[in-house]
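Counting starts at 1 for both ligands and their atoms, following the listed order. Side chains are part of it too, since the values below use all heavy atoms of this structure and drop only hydrogens, waters and symmetry mates.
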Amino acid sequence: MPIHLKNSGQLREYRANLGVKRLGFVPTMGNLHVGHLALVEEVAKYCDEVLVSIFINPTQFSPEEDYDTYPRTLEKDIKLLSTTSCNAVFTPSTDEVYCENTTKVANPLVQYPDIEAYAKILCGVTRPHFFYGIVNVVCRLFTMVQPNVACFGEKDYQQLRIISAISHKRFPSIQILPLKTQRNAQQLALSSRNNYFSNTQLETAALLSKHMQATVHQLNSHTSISDIKRHWSAILQEATDQLQHYFEIDYFEVRHSHDLQLIASAKECHPDETTDVPNARLFAAVYLSGVRLIDNWALWQDA
Ligand code: AMP
């Protein structure tokens with residue numbers, strides 16, 4: 001069983017006892033699934049010990065979102081973690097993470113306008129509070145845990161980019177490790193919020209990844225730039241039309257993988273002639289029965 005650290009005093013003692021051992025960190029909001037466990041195993045490859053935090057962060061929810069009803073399954077989560085390389089579970093209280101009133105937390109990105117720009121696009125348009133809450137909690141947890149490496153999922157790709165950027169400035173000694181999106185047999189990205197769905201809804205939810213994969217496959221199959229240019233808009237439009245049968249679409253767009261800028265033309269999206277590193281991703285956010293689903297697929301790589 002991992003050690004359960006219930007407050008920052010216990011965390012400090014655990015951290016001090018580690019000495020020069022390298023600590024890997026996986027921040028979560030609990031209700032763990034196989035995707036979270038994969039993050040634990042990934043970070044374990046680079047560290048001597050792994051600490052998982054379980055903290056449902058109030059500042060990343062707006063008042064009308066599901067903070068109060070977000071599934072709280074601590075006992076089950078700790079049991080699951082006992083089957084992994086996790087050594088310690090940290091479950092701080094809200095008061096320990098936020099000394100101030102959580103509705104009055106300062107904007108942590110105010111000094112970083114270049115990073116703040118990443119927080120205002122994609123999910124940041126419909127959830128303007130969201131990345132401020134994420135950056136707030138991750139910076140506070142980094143300060144408390146002082147990890148050597150922290151692992152985040154590519155499923156939340158925009159979050160990963162923002163955390164990498166802020167961490168590079170504020171915590172340059174912490175290595176940020178990405179992990180590929182973990183999916184079920186139908187290719188639906190695993191998510192704690194999938195628990196809100198019935199079996200039939202889960203089948204519908206899987207159509208998001210199915211259509212995204214098909215779109216990526218179609219874009220990938222056009223190898224010359226002129227060919228892609230000709231088909232680009234039609235492919236994206238057709239996928240949007242298909243998705244609209246099942247979902248309310250928030251966004252469905254192709255952006256650069258690194259700076260998240262919208263791809264203005266198909267030419268920009270094509271991989272660099274000199275390298276096979278993909279430079280673009282298809283991003284989507286949709287609602288199914290009021291539940292938000294997000295996903296992203298790299299072009300020239302996943303399909
Ligand atoms: P959450 O508990 O939803 O806040 O997520 C905690 C961490 O797990 C974040 O780094 C997420 O990106 C990551 N994560 C959640 N779902 C997946 C998934 N399906 N594949 C990979 N990482 C994931």
Side-chain angles (χ1 to χ4, degrees), residues 24-46 50-61 65-67 69-74 76-78 80-81 84 86 89-92 94 97 118 122-123 127 129-142 145 147 149-167 174-197 202 205-206 208-209 212-213 281 283-285 291-298 302:
F25 179 37
V26 178
T28 78
M29 296 210 299
N31 195 25
L32 303 181
H33 51 66
V34 172
H36 295 113
L37 307 188
L39 294 170
V40 173
E41 297 311 337
E42 182 64 13
V43 81
K45 293 180 195 160
Y46 301 84
V50 177
L51 182 145
V52 173
S53 65
I54 297 180
F55 177 67
I56 304 179
N57 175 34
T59 64
Q60 71 191 65
F61 292 81
E65 288 180 344
D66 55 348
Y67 174 73
T69 54
Y70 196 87
R72 286 152 169 89
T73 55
L74 183 60
K76 193 168 145 243
D77 291 344
I78 294 182
L80 265 180
L81 288 171
T84 71
C86 171
V89 183
F90 178 43
T91 56
T94 304
V97 178
Y118 294 172
L122 295 168
C123 289
R127 306 184 76 198
H129 57 284
F130 182 67
F131 292 111
Y132 299 107
I134 291 283
V135 171
N136 244 308
V137 75
V138 169
C139 289
R140 285 163 197 246
L141 289 171
F142 277 6
V145 174
V149 186
C151 192
F152 294 87
E154 283 187 351
K155 165 172 175 279
D156 303 286
Y157 193 86
Q158 185 179 11
Q159 168 178 299
L160 169 66
R161 285 298 306 126
I162 292 171
I163 291 170
S164 299
I166 192 80
S167 179
I174 301 176
Q175 180 193 349
I176 303 296
L177 198 66
L179 180 77
K180 265 179 110 65
T181 304
Q182 309 293 298
R183 300 175 182 279
N184 72 9
Q186 287 69 46
Q187 298 295 299
L188 171 65
L190 300 176
S191 163
S192 302
R193 287 193 173 102
N194 291 351
N195 289 340
Y196 294 146
F197 292 134
L202 278 174
L208 174 63
S209 45
M212 290 184 79
Q213 238 183 328
R281 276 178 184 260
F283 291 89
V291 178
R292 187 177 173 85
L293 287 169
I294 60 167
D295 201 353
N296 68 89
W297 289 79
D302 282 329

For F130, does the six-membered ring have the charged nitrogen or CZ of R292 within the cation-pi criterion, i.e. under 6.0 angstrom from the centroid and within 45° of the normal?
no
Check this for me - ligand 1, S192, N or O atoms closer than 3.5 angstrom, yes or no?
no
In ligand 1, the atoms that come under 4.0 Å of a heavy atom of F152 are 10 (O)
I would like to know whether S191 and L293 meet side-chain contact (heavy atoms from CB on, under 4.5 Å); could you show each step before the answer?
CA-CA 9 Å; S191 163; L293 287 169; 5.9 Å; no
With backbone taken as N, CA, C and O and side chain as the heavy atoms from C-beta onward, which portion of R183 lies under 4.0 Å from ligand 1: side chain, backbone, both, or neither?
neither
Which heavy-atom pair separates M29 from N57 by the least distance, and what is that distance?
SD-N, 3.7 Å
Identity and distance of the protein heavy atom lying nearest atom 4 (O) of ligand 1:
M29 CG, 3.7 Å
For T28, the ligand 1 atoms with a heavy-atom partner under 4.0 Å come out as 2 (O), 6 (C)
Using a 4.0 Å heavy-atom threshold (strictly under), name the region of Q182 that reaches ligand 1: side chain, backbone, both or neither.
both
Gap separating the NE2 atom of H129 from the CG atom of N136, nearest 0.5 angstrom:
12.5 Å
Under 3.5 Å, N or O to N or O, is A189 touching ligand 1 that way?
no
Closest heavy-atom pair, H36 versus N31, reported as atoms and distance to 0.1 Å, is CE1-O, 4.0 Å
Among Q159, R193, H36, H33, which residue places a heavy atom closest to atom 17 (C) of ligand 1?
H33
For ligand 1, does E154 get within less than 4.0 Å through its side chain, its backbone, both, or neither, judged by non-hydrogen atoms?
neither
For residues I174 and S167, report the shortest heavy-atom separation together with the two atoms involved.
O-OG, 4.1 Å
Show which atoms of ligand 1 fall inside a sub-4.0 Å distance from at least one heavy-atom site of L190.
16 (N), 17 (C), 18 (C), 19 (N)
Atom 22 (N) of ligand 1 [closest protein heavy-atom partner, distance rounded to 0.1 Å]
G153 CA, 3.4 Å
Going by distance alone, is a donor N or O of one side chain under 3.5 Å from an acceptor N or O of the other, for Q182 and H33?
no
For ligand 1 and G35, I'd like to know whether there is a polar contact (N/O to N/O, distance under 3.5 Å).
no
Regarding atom 8 (O) of ligand 1: of the candidates L39, I54, L179, which has the closest heavy atom?
L39
N/O to N/O below 3.5 Å, does that happen between D156 and ligand 1?
yes
Heavy-atom pair of closest approach, residues D295 and S209
OD2-CB, 3.7 Å
Scanning both residues in full, the closest heavy-atom pair of M212 with F283 reads CE-C, 4.1 Å
With nothing but distance in play, are any N or O atoms of S191 less than 3.5 Å from an N or O of ligand 1?
no
At a 4.0 Å threshold, what atoms of ligand 1 neighbour a non-hydrogen atom of K180?
21 (C)
Against ligand 1, does P27 come closer than 4.0 Å with any heavy atom?
yes
Taking all non-hydrogen atoms of both residues into account, name the closest pair between P178 and I176 and its distance.
CD-O, 3.8 Å
Start with the C-alpha gap between C151 and Y46, add the side-chain angles, then the distance that decides, and say whether side-chain contact (heavy atoms from CB on, under 4.5 Å) holds.
CA-CA 10 Å; C151 192; Y46 301 84; over 6 Å; no
